[in-house]
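Notes follow once the structure below has been shown.
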Amino acid sequence: MNFGRVRFAFPLSLLLLIPTVPAMAQQTAHLSIDASKAGARIDRNLFGQFAENLGHGLYEGIWVGPTSPIPNTRGIRNDVVSALRELKVPNVRWPGGCFADQYHWRKGIGPAAQRPATLNSAWGGVVDSNAFGTDEFMDFIQQIGSQAYVSVNVGSGTPQEAADWLEYMTAAAPTALAKERAANGHAEPYNVALMGIGNESWSCGGDMTADYYLSQLKIYSRFVNNDNPSQKGPNQMLKIAVGPGFPETDWTEAMMKVWQKHDWSWDFNGLSLHWYTVPTGWPPSLPSTGFGVEDYAKTMKSTLFMDEFLRKQEAVMDKYDPQKKVALVVDEWGAWLAPLPGTNKDFLVQQNSLRDAILASLNLNIFARHADRVRMANIAQMVNVLQAMILTDQEKMVLTPTYYVFKMYVPFQDATFIPVTFDAGTYTQGSVALPRVDAVAAKDANGKLWIEITNLDPDKPLTIEAGITGATARSAKGETLTAPAVDSINTFAAPGAVVPKPISATVKDGRLSITVAPKSVTVLSLEP
Ligand code: AHR
């Protein structure tokens with residue numbers, strides 16, 4: 001958890017238009033997009049997710065068990081899987097979070113009836129049946145078409161325990177652990193794309209100093225390895241070290257200074273960073289429903305601090321790693337709001353509104369602008385916890401506004417960043433001043449140009465006039481996400497309140513014109 005200060009930065013801006021918005025009170029933003037100027041690749045891993053063993057994130061949200069009346073495949077709910085497949089989730093971080101440093105993987109393998117019941121002392125002290133363990137996680141990953149990002153236990157585990165876990169998952173040779181995996185139903189080794197070495201080791205992961213953590217990290221990095229023959233060489237598993245969860249740079253400085261001198265025996269490929277949007281500081285107090293534009297503005301101001309946070313950490317990383325070999329991995333981000341009344345406060349249950357959708361787009365745009373260093377991110381969390389994609393209640397499921405933003409951004413996965421210049425203007429709410437607009441552009445593998453426009457202003461539509469060079473287009477079409485109020489939500493009874501609608505723009509002589517609705521997220525593709 002990050003208990004640090006919350007500040008903000010003003011980023012840039014952009015374009016576009018919705019035909020149905022009233023002409024009065026419209027503002028205009030002028031954008032300039034040069035498609036011939038390619039930036040960094042927007043790594044698909046920036047759209048990763050986080051599924052911790054916390055509250056109803058796994059149990060009920062993903063896992064209902066094979067005997068459940070809720071339709072499932074080997075215990076994993078079909079509705080959630082089919083919704084997640086649409087997002088092309090590149091990787092899923094599991095089993096935590098703070099839970100990871102208390103997890104002992106052996107308790108979650110083998111016949112379900114023989115698995116011990118344990119306490120989830122990280123989250124509410126509830127009894128954990130261990131029914132959702134390693135093989136179930138891997139089944140889930142395979143069902144949604146994603147990759148595993150496994151966090152190993154540094155806080156209360158040992159390097160040997162973690163090494164055994166990796167061998168269980170990845171060994172192809174007939175070792176005792178590989179045979180045990182085969183006996184549990186999976187003869188082929190699993191692919192483990194990413195391994196996190198501990199979690200928030202400066203806090204819930206053991207309250208370690210940077211020096212102490214580094215001494216552990218070197219050992220885990222040296223001895224905990226992926227044995228899957230198909231993951232040797234370019235497809236190798238990437239190792240992610242614990243990084244900061246606070247704006248200060250001392251932890252990053254310590255990590256990168258030592259990394260610069262690392263020898264053959266240890267390494268890390270990514271440095272994690274955690275930063276939540278907690279608009280009024282800890283403990284989170286802003287409600288996730290029934291709020292107005294004042295809370296909306298505070299939240300946007302708070303979330304835009306991500307840009308400044310990244311810049312500070314990147315400056316330190318650049319000092320020790322100018323070639324940007326080590327990725328900055330924002331593997332926990334999102335809105336952390338007050339628990340919904342009537343829920344277990346340790347289950348981190350919150351609703352998800354249009355505000356969350358706009359917050360998500362701003363963060364994804366920030367990541368895209370930092371894509372040369374920020375090559376991975378995981379929103380917290382996937383189902384039923386914090387800023388979730390999906391909410392469930394027994395057999396019911398609803399997709400959140402944040403889900404739809406992730407769906408609209410799928411074309412940006414692995415696309416090439418294209419710079420957009422613009423004057424964002426200012427939207428003022430009380431003492432809070434925000435950029436009125438944000439925008440990013442990217443070119444996909446087929447050469448198609450994509451533009452995203454966020455209108456932060458909750459009241460006024462925005463006309464976009466965008467000059468486009470370096471690409472030919474006759475029209476532009478896409479989807480826009482908005483709703484009547486900043487706190488509009490999707491519910492089980494009304495799941496279609498905040499869903500994307502088709503939108504088109506005119507393109508003439510290299511100029512794109514469109515008007516976007518107040519408080520909206522719009523993604524357009526340019527059509528030849
Ligand atoms: O996402 C909830 C918690 O927030 C994670 O377990 C922890 O890493 C962070 O503090």
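FYI, the numbering just counts along the sequence from 1. Everything numeric in this text was worked out from a predicted model, so none of it was measured. Both ligands and their constituent atoms are indexed starting at 1 by order of listing.
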Test of proximity, L386 against ligand 1: N or O pairs below 3.5 Å:
no
Compute the shortest N/O to N/O distance between W336 and ligand 1 and return yes if it is under 3.5 Å, no if not.
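N/O-N/O distance below 3.5 Å does not exist for this pair.
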Going by the atom numbers of ligand 1, which of them fall below 4.0 Å from some non-hydrogen atom of C98?
5 (C), 6 (O), 7 (C), 8 (O)
Under 4.0 Å from a heavy atom of E52: which atoms of ligand 1 are those, numbered in the order shown and with their elements?
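Selected atoms, number and element: 1 (O), 2 (C), 5 (C), 6 (O).
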Pair E332 + R93, salt bridge at N-O below 4.0 Å:
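Result for this pair is yes, salt bridge flagged.
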D318/R373 ion pair, N-O < 4.0 Å:
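A salt bridge is present here (some side-chain N lies under 4.0 Å from a carboxylate O).
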Option with minimal heavy-atom separation from atom 3 (C) of ligand 1, where the choices are W123, F50, W333, F99
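Looking at heavy atoms only, the winner is W123.
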I want to confirm something. Looking only at heavy atoms, which of H274, Q381, E200, R93 is nearest to atom 2 (C) of ligand 1?
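Looking at heavy atoms only, Q381 sits closest to atom 2 (C) of ligand 1.
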May I have all residue pairs that pass side-chain hydrogen bond (donor to acceptor under 3.5 Å, both in side chains) and include part of residues 70-85, sequence neighbours excluded?
T73-N78, R74-D139, R77-D79
Looking at L58, N53, L119, which one forms a side chain to side chain contact (heavy atoms under 4.5 Å, CB included) with D128?
N53
Contact partition for N199 relative to ligand 1, non-hydrogen atoms under 4.0 Å
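The answer is the side chain of N199.
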Set of side-chain contact (heavy atoms from CB on, under 4.5 Å) partners for P458, sequence neighbours left out:
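Only V293, Y296, Y427, V486, K519 meet the side-chain contact (heavy atoms from CB on, under 4.5 Å) criterion with P458.
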Parallel, tilted or perpendicular for F137 and W94, by the 30°/60° rule?
parallel
